[in-house]
Amino acid sequence: LEDMAAGGKGGKKDERRKKAAEGKTSGGGGSGYGAREVKTKGKSKKQKRREAEEEEAAATKSSGSGGHSRARHQDLPFMTVEEIENVLQEKLPDCDEGFVTELAEDLHRPLTKSYQEVAKSVFLASSGGGSGASRKETHRDLQEKVNGLWTNVKLFEKGLKLFEEEAQTQLAKHLLKLFEEEAQTQLAKHLLKTLCTDVTNILLNFVASEQMMSVTDPKTITIEMRSKLISSLPEHIKEPMNRLHTSLAGKHIDEFLSALETVAEEMQVMLKKADKKKERQLVFNHRQSLCEELGREEEPAAVLHLAVLLMFQHLSHVMVHAPGRCVPLIIGYLEQHLPREQHAKLVNFQDLVIQCVKAKQHPGDDTEKDADNLTTMLHRLVPDIKDMALKPRKASTEQED
């Protein structure tokens with residue numbers, strides 16, 4: 001009886017297996033088993049598609065046709081499996097070699113991923129990227145810096161244009177040529193090389209940070225670095241930024257300002273024109289800065305440079321951004337606005353500075369003595385030159401008299 005019962009149970013199981021097999025081969029027959037098999041078949045198709053997509057993605061990644069982020073992860077490896085294995089063997093000398101190898105293989109992928117995430121977060125933090133709130137704050141800082149420099153460029157441009165107006169009133173042809181060609185060109189080039197270059201580098205560095213290519217200090221960006229960074233920017237900003245970069249090599253501030261407005265609009269940086277009150281405050285602050293610097297300075301050439309800039313601003317009520325080599329041009333401008341005695345002192349001091357520089361450039365027994373004598377003479381005249389610049393009312397009174 002027990003055998004029969006066992007045989008009966010086994011027979012029923014065999015029948016169920018046969019029915020299941022028939023349902024499986026019947027392309028979707030009516031039994032429950034067949035229905036479940038069809039469903040399993042559908043899953044395998046999805047799985048095949050998923051596997052095919054993964055294989056295609058892997059092939060794309062290996063061929064180097066992926067996006068910038070993939071290329072960056074490939075360019076930033078953590079450690080190889082062998083290197084991890086060596087570290088584990090040093091730390092765990094008693095462990096089986098096979099276990100260490102297997103552990104190194106398991107650790108390689110998560111450690112690499114964590115390393116790349118940390119490296120990216122550090123880079124974004126140092127370059128001004130990161131969270132949305134941080135990004136907005138960085139953008140506000142950028143806008144403030146750009147607006148400050150842009151306003152200064154506009155104010156210095158007024159001083160530059162003043163030379164053009166003055167040149168038109170000169171009677172002598174050599175003075176007309178001096179002011180129109182030399183003064184304006186030299187001042188414009190200096191402004192483009194300094195403040196305008198600073199604005200360009202700040203904007204470019206901000207855009208480059210989005211491509212993970214920024215530098216720590218924008219002031220270190222050279223012409224070659226600027227060209228390289230611009231070439232890797234997205235198309236919508238590459239052309240405007242390249243136009244801004246090209247304008248720095250020109251001679252006209254108007255071209256730079258026009259290109260700057262285009263770039264600022266593309267980057268959503270609002271350029272706010274300063275009102276009269278703010279402009280007066282900026283001009284006053286610049287004058288105070290020159291006064292403080294002149295008060296501390298004792299080197300004759302630097303004293304002459306600062307004194308001439310300060311006197312120009314007092315007489316014209318506009319700022320001028322000029323290098324040392326433009327000092328003779330500004331002294332020429334001041335001739336029409338200063339008493340003869342004061343202008344003669346400036347010219348004499350300038351001649352002595354030039355003689356002293358030439359004497360130091362050609363060392364010798366006689367020239368060294370001349371340089372020492374000239375230096376002594378200049379230091380005696382420094383207080384008088386400072387007084388002329390720091391106390392302009394005295395000069396105005398003399399002029400009225």
Side-chain angles (χ1 to χ4, degrees), residues 144-166 179 183-184 186-199 253 257 272-339 341-347 349-350 353 381-400:
E144 289 179 6
K145 288 180 182 177
V146 171
N147 270 284
L149 290 168
W150 177 68
T151 302
N152 281 333
V153 170
K154 297 282 284 184
L155 290 174
F156 284 127
E157 186 189 21
K158 289 183 180 181
L160 189 153
K161 288 181 176 179
L162 200 63
F163 280 87
E164 181 181 5
E165 294 171 4
E166 182 68 19
F179 281 101
Q184 248 197 315
Q186 292 293 333
L187 293 173
K189 283 184 176 181
H190 183 66
L191 193 56
L192 288 167
K193 187 178 179 181
T194 53
L195 294 183
C196 298
T197 297
D198 290 343
V199 178
I253 302 298
L257 292 173
K272 300 177 183 178
K273 186 177 181 180
D275 55 27
K276 295 294 182 182
K277 184 178 179 181
K278 187 176 181 180
E279 283 189 1
R280 285 196 297 270
Q281 185 63 43
L282 288 171
V283 172
F284 175 78
N285 291 342
H286 184 259
R287 184 179 182 280
Q288 289 300 108
S289 177
L290 288 175
C291 288
E292 292 174 5
E293 197 173 350
L294 179 59
R296 295 189 302 266
E297 189 60 64
E298 293 298 331
E299 203 278 318
V303 167
L304 178 64
H305 186 189
L306 292 169
V308 165
L309 295 179
L310 197 54
M311 295 170 77
F312 176 91
Q313 182 169 335
H314 171 71
L315 294 169
S316 65
H317 305 291
V318 295
M319 306 186 307
V320 64
H321 191 61
R325 64 177 178 273
C326 288
V327 166
L329 304 177
I330 301 175
I331 291 177
Y333 169 87
L334 294 174
E335 183 179 5
Q336 306 296 318
H337 305 277
L338 285 175
E341 183 184 350
Q342 288 191 346
H343 185 264
K345 287 181 179 179
L346 283 178
V347 173
F349 194 82
Q350 175 187 252
V353 168
L381 295 174
V382 161
D384 196 18
I385 298 298
K386 283 187 177 184
D387 190 62
M388 287 169 51
L390 295 173
K391 298 178 181 178
R393 289 183 182 177
K394 183 179 178 181
S396 299
T397 304
E398 289 178 7
Q399 191 171 7
E400 289 174 2

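For the pair His337 (side chain) and Met311 (backbone), a donor-acceptor distance under 3.5 Å is absent. A donor-acceptor contact shorter than 3.5 Å is absent between the side chain of Ser289 and the backbone of Asn285. Checking side-chain atoms of His343 against main-chain N and O of Ile331 turns up a donor-acceptor pair under 3.5 Å. Within the 3.5 Å criterion, the main-chain N or O of Ala344 finds no donor-acceptor partner in the side chain of Glu335.
Within the 4.5 Å cutoff, the side chain of Leu346 has heavy atoms near those of the Met388 side chain. Under the 4.5 Å side-chain criterion, counting only non-hydrogen atoms from C-beta, Thr197 is not in contact with Leu192. Counting heavy atoms from C-beta outward, Tyr333 and Leu315 have side chains that stay 4.5 Å or more apart. Using a 4.5 Å heavy-atom cutoff, the side chains of Phe349 and Asp384 are not in contact. In this structure the side chain of Leu329 never reaches within 4.5 angstrom of the side chain of Leu187, judged on heavy atoms. For the pair Val283 and Val318, the minimum side-chain heavy-atom distance is 4.5 Å or more. Side-chain atoms of Glu297 and Glu299, non-hydrogen and from C-beta on, do get closer than 4.5 Å to each other.
Ion pairing between a basic and an acidic side chain is recognised when a charged N comes within 4.0 Å of a carboxylate O; Lys386 and Glu298 show such pairing.
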